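Just below is one structure, and these are the notes that go with it.
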Amino acid sequence: MSNTANTLKIHTFTCAWCGLTATKTASDGSLRNHCPSCLHSQHVSDHVEGGPSECDGRMSPIAIAVLRTGDWMLIHRCVRCDELTSNPVCADDNQLILMRMAVRPLAQPPFPLEALGSL
Amino acid sequence: MPRRTRPRGHDDRRSQRRKDVLHEASGHRANDFRCAGCRLDVSLHAPGTAHRNHCPQCLASLHVDRRIPGDRASECRGRMEAVAVFTRPDGEWMIVHQCLSCGELSSNRIAGDDNALALVRLALRPLHDTDRASRTLINL
């Protein structure tokens, strides 16, 4: 019984936001660090100093960055300490949330986009 | 070979005068910076924001802050390139910068005189690859 519990702990994690139990490795073998359903993550590694972080805060997805190779990177921000991290997007991530994040800035432009049409 | 027509130790040359032109420390250029990407001279006074940290033309920045914006505690000094745009809940656009030498990320509010074309190009970058975007839409 305890053996099963340990196996579950090693191979899965529970999302800090939606509570979904997700496997630590994605279907294509890559390591997963965010929930595939709500894309939230947890602040476990410190990127300024390096090494593990004591923050443990929830990290919400805020933006999509594009690498030179064309791959999408998901940018998370810690809700407790405002640190930013970027991670590659997995194949089974929630496409609706990804697409919503990609078009979100265009829904609220700080200047009229019509002017760009005349360029 | 320096000329030694006078006996040594009897040098009456005056030492070099101290410069009284202050370029950067507190002089007339204290509020300016030069962009690391396009070499544009940028004034720190920006419309719409009190914390300008990137070039309004090419949106490049410099990695000088460590954890707190404005602490100037980082030794990296690498060039930071804009990688993404996101909106705050109140509708403000923010730019995410990534350091090209150490990979660190930071975010900053856009300024009123930022290049609109560069901003829109940055916002459209995820949708630029039509393959990736249409595959995402089909999977919805």
Side-chain angles (χ1 to χ4, degrees), chain A residues 36 45-50 53 55 59-119, chain B residues 48-49 63 65-69 71 73-74 76 81-99 102-140:
Chain A
S45 61
D46 193 330
H47 290 262
V48 177
E49 314 279 351
S53 162
C55 175
M59 304 193 83
S60 55
I62 54 166
I64 288 173
V66 184
L67 297 180
R68 286 183 194 282
T69 55
D71 290 333
W72 283 9
M73 298 289 280
L74 192 55
I75 294 178
H76 286 100
R77 187 178 54 193
C78 179
V79 296
R80 276 189 70 194
C81 67
D82 279 345
E83 184 155 316
L84 299 170
T85 62
S86 72
N87 292 100
V89 167
C90 289
D92 55 352
D93 279 346
N94 192 337
Q95 310 280 325
L96 180 66
I97 298 184
L98 283 179
M99 212 59 197
R100 203 178 65 185
M101 255 189 306
V103 299
R104 177 80 195 281
L106 300 172
Q108 292 171 306
F111 34 80
L113 293 178
E114 289 82 21
L116 292 168
S118 59
L119 285 179
Chain B
T49 179
H63 188 190
D65 292 343
R66 199 168 168 80
R67 251 191 228 282
I68 308 152
D71 63 358
S74 172
C76 176
E81 239 171 35
V83 291
V85 163
F86 70 97
T87 44
R88 279 203 312 219
D90 60 354
E92 287 276 2
W93 275 29
M94 306 278 286
I95 299 181
V96 179
H97 284 104
Q98 185 166 35
C99 179
C102 72
E104 179 70 19
L105 296 160
S106 78
S107 67
N108 186 251
R109 213 160 70 96
I110 62 167
D113 57 351
D114 279 352
N115 188 346
L117 190 61
L119 283 176
V120 172
R121 281 187 61 179
L122 196 60
L124 285 175
R125 220 188 264 177
L127 309 174
H128 178 75
D129 182 8
T130 46
D131 258 13
R132 181 72 170 79
S134 61
R135 233 184 313 134
T136 309
L137 279 176
I138 287 166
N139 284 338
L140 282 182

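Just so we're on the same page: letters track the sequence lines, and every chain starts at 1. Predicted model only: the values in this text are computed from it and were never measured.
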Most heavy-atom pairs under 4.5 angstrom with chain A, which of B:Glu104, B:Arg67, B:Arg66?
->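 The residue among B:Glu104, B:Arg67, B:Arg66 with the greatest pair count is B:Arg67.
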Taking B:Leu119, B:Val83, B:Thr87 one by one, which has the highest count of heavy-atom pairs under 4.5 Å against chain A?
->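 Max contact count across the listed options: B:Thr87.
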Where do A:Gln108 and B:Trp93 come nearest, in terms of heavy atoms and distance?
->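 Answer, listing the atom of A:Gln108 first, then B:Trp93: O-NE1, 2.8 Å.
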Of the non-hydrogen atoms in A:Ala63 and B:Phe86, which two are nearest, and what is the gap between them?
->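 Looking at all heavy atoms of both residues, the shortest contact is CB-CB, 3.7 Å.
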If you count the non-hydrogen atoms of other residues, nucleotides and ligands that lie under 6.0 Å from CZ in B:Arg121, is the total more than 12?
->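 Counting other residues, nucleotides and ligands, CZ of B:Arg121 stays at 12 neighbours or fewer.
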Residue [X] versus chain B: region with a heavy atom under 4.5 Å:
{"X": "A:Arg100", "result": "neither"}
{"X": "A:Ile62", "result": "both"}
{"X": "A:Leu113", "result": "side chain"}
{"X": "A:Asp46", "result": "side chain"}

Of the listed residues ([options]), which shares the most heavy-atom pairs with chain B below a 4.5 Å separation?
{"options": "A:Ala65, A:Pro110, A:Ala115, A:Ala102", "result": "A:Pro110"}
{"options": "A:Leu84, A:Thr85, A:Leu106", "result": "A:Leu84"}
{"options": "A:Gly70, A:Cys81, A:Pro109", "result": "A:Pro109"}

Sole residue of A:Ile64, A:Val66, A:Val103 in side chain to side chain contact (heavy atoms under 4.5 Å, CB included) with B:Leu127 |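 Of the listed residues A:Ile64, A:Val66, A:Val103, the side chain to side chain contact (heavy atoms under 4.5 Å, CB included) partner of B:Leu127 is A:Val103.
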Could you look at B:Ser107 and say if it's the side chain, the backbone, both or neither that has a heavy atom under 4.5 Å from chain A?
->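 It is both, since atoms from each part get that close.
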Per-residue contact mode, B:Val96 against chain A (heavy atom under 4.5 angstrom) =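 When you check distances to chain A, only side chain atoms of B:Val96 fall under 4.5 Å.
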